[in-house]
2 protein chains.
Amino acid sequence: MLDNYLLEELVTFAQTGTLAKTAATLNVTQPTVTRGMQKLESDLGVQLFDRQPNRLSLTATGKLAATEARALLTANQAAVDRIQNFDRNQRVLQVGATLPGPLIALQSLATQLPANVQLAETADVIDPTQALLANDDALIFTNHPLAAPAITSERLGTERLAVNLNQFMYQANQATITFAELADLSFVVLNDIGPWRAIIQDNIPGAKFFYQEERDALTEITKFSDFPYFSTNVSQFDPVLTTQLATDDKRVCLPITDNAAQMPIYACYLTAEKARVAPILKQAQAVWPD
Amino acid sequence: MLDNYLLEELVTFAQTGTLAKTAATLNVTQPTVTRGMQKLESDLGVQLFDRQPNRLSLTATGKLAATEARALLTANQAAVDRIQNFDRNQRVLQVGATLPGPLIALQSLATQLPANVQLAETADVIDPTQALLANDDALIFTNHPLAAPAITSERLGTERLAVNLNQFMYQANQATITFAELADLSFVVLNDIGPWRAIIQDNIPGAKFFYQEERDALTEITKFSDFPYFSTNVSQFDPVLTTQLATDDKRVCLPITDNAAQMPIYACYLTAEKARVAPILKQAQAVWPD
DNA sequence: AACAATTACGGAATCCGTAAAAATT
DNA sequence: AATTTTTACGGATTCCGTAATTGTT
């Protein structure tokens, strides 16, 4: 068995090239690292270094050992994360998403949700499969099912994009609209909108987008300007938009009819956690506007 | 970072169920294990055990931690093995096989091989891909190419099965033979013949096979009996068979013409080790009877 | 002179075993 | 009575830092 602190020293040496820098980056003294690498060699019964009086360099075996060590350390850290996240998720049930719509819908009934449910602030999940397997989230909303065998992906419904145009714009004079009809316009858009971002960028020719990190900043800009903004059949639950804007917003909401503007929504969770996420899923299905 | 000795204690507790038995199997005292599990809980910041005055049981988190711990320990051990095997293979170049033919062919020119080449005694490689990736062998002969991306599988030639029949048997009166014509006969066969074993068992109806572990025992039996035995175009290099038998063996060698009796031979090695195995491959190709 | 590695020595932290206690079956 | 877990205490091991040595650039 190889001790972790020795593996760290080896990995750092592979990066830095000298024992002195290794010691410096690990906040220990050189003799510590010297002894450590000697012990690692003796534990393995293998020569890891070519020794010249003033220079240490890794042998071929040493290089292999360094990459193996790196893998072991990351595996160890990943295990710690999984265990700690699992323990946390025993108490608070973390809900994430790759797109904001479903989170907004759930937030609208926050009072009716179990007290241990913790909704993510923004749609910032990069790799949903990894996030579930690492017990980072117990439930993640995505726009595509996940392939991993331990994961169940349940179709929740469809999110449909709409655009809110000033009522005096000529395009506003209709019940629905297409991406093509929005060409060359400028929009204010939230930053964390997941896959929607690529969709609007790829489908509206010549458009410009002003991305806003904060939702409050976005509502401010929309309130005091004529920039069109996007919404969906799900974001209608957004309390910020509905309360602060709806009262005096002179825009009209036009659903976008393109296929690309219709997005399937899936609820993904570890199959082993089905029982724990079931009540939340039931709530989500109940409020889904389909 | 989780210390290995704590992980071992957790894994053994998951197996045995009590700290006392855990201590016994690990050859330490109970207080050691008690403190160890307390430290592991404190390191993780997580409760791993349900504590009743006289009974300790794993929580859900604890069970997860135990399986994670087991994985980390096996990964650690596997890394050690890979490193040590790699180091050994820097000096001696280990050659294995899933079938004996190619090893026999190479053995016939043992004197001309580099001194650091170590040929396996018997064809006992179970999982050639694993053996290569673990640096257990540097070169393995198989009857099928290996799929792993880091591995190169080079077609070496074809091994062709033959049977040696007493010259007075009526089937011996021909140049070649088929499996069907060997029906209901009894054969003496070596134990470690890899895939050949399934082939003769599946293709010769009603045949009986007397498997011998030792090659010497097999030659003894064949010498003092009339049992037919198998050979191939490659096993002709076998010094035991050729010297001890050929002089007074009254059998005739009949190649078997069935497709199933023709076996492709591949030389498999880590692509990164190509340069080191190249000279051996060259020798093998030179003597191959194709 | 500056830098890198190693060794020697003493202190500090950690880990372990013995002994004893508390509680259960 | 026998088991199991836990705490307390002392010893032993291990690990680390300071100081000093060697050799190279």
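Naming convention: chains lettered A, B, ... in sequence-line order (proteins, then strands); numbering from 1 in each chain.
Here the NE2-OG distance, from B:His144 to B:Ser153, works out to 9.0 Å after rounding to the nearest 0.5 Å. Interatomic distance, CE of A:Met1 versus CG of B:Leu72, reported as 10.0 Å (0.5 Å rounding). Expressed to the nearest 0.5 Å, how far CZ of A:Arg82 lies from CD of B:Glu68 amounts to 4.0 Å.
Nucleotide C:dG17 holds its P atom 8 Å from the CZ atom of B:Arg35, rounded to whole Å. Atom pair B:Asp3:CG and C:dC16:C1' shows a separation of 15 Å (rounding to whole Å applied). Rounded to an integer number of Å, the gap from A:Met37 CE to D:dC15 P is 12 Å.
Side-chain contact of B:Glu213 with B:Asn191: a donor-acceptor pair under 3.5 Å is present, judged by distance alone.
With respect to B:Thr22, the side chain to side chain donor-acceptor pair (under 3.5 Å) criterion is satisfied by exactly one of B:Thr16, B:Thr34, B:Thr32: B:Thr16.
Within the 4.0 Å cut-off from OP1 or OP2 of D:dT3, not a single side-chain nitrogen or oxygen of B:Gln30 is found. A:Thr34 has no side-chain polar atom (N or O) that falls below the 4.0 Å cut-off from OP1 or OP2 of C:dA5. A:Thr32 has no side-chain polar atom (N or O) that falls below the 4.0 Å cut-off from OP1 or OP2 of D:dC16.
Of all the residues in residues 8-20 of chain A, A:Thr18, A:Leu19, A:Ala20 reach under 4.0 Å from DNA chain C with at least one non-hydrogen atom. Contact check of residues 39-65 of chain B against DNA chain C (heavy atom, cut-off under 4.0 Å) returns B:Lys39, B:Pro53, B:Asn54.
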Practice item. Begin with the C-alpha distance, continue with both residues' side-chain angles, and end with the deciding distance and a verdict on side chain to side chain contact (heavy atoms under 4.5 Å, CB included) for B:Asn76 and B:Val80. Key: CA-CA 6 Å; B:Asn76 197 312; B:Val80 171; 3.9 Å; yes
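The minimum heavy-atom distance linking A:Cys268 with A:Ile151 is given by the pair CB-CG2, 4.2 Å.
Under a cut-off of 6.0 angstrom, the local environment of CD in A:Glu121 is sparse, with at most 12 non-hydrogen atoms contributed by other residues, nucleotides or ligands.
Using a 4.0 Å heavy-atom distance criterion, A:Val33 is classed as making no nucleic acid contact.
Projected onto DNA chain D by closest heavy-atom contact, A:Tyr5 and B:Gln38 fall at different nucleotides, the more 5' of which corresponds to B:Gln38.
Taking a cutoff of 4.0 Å between a charged side-chain nitrogen and a carboxylate oxygen, B:Glu41 and B:Arg51 qualify as a salt bridge.
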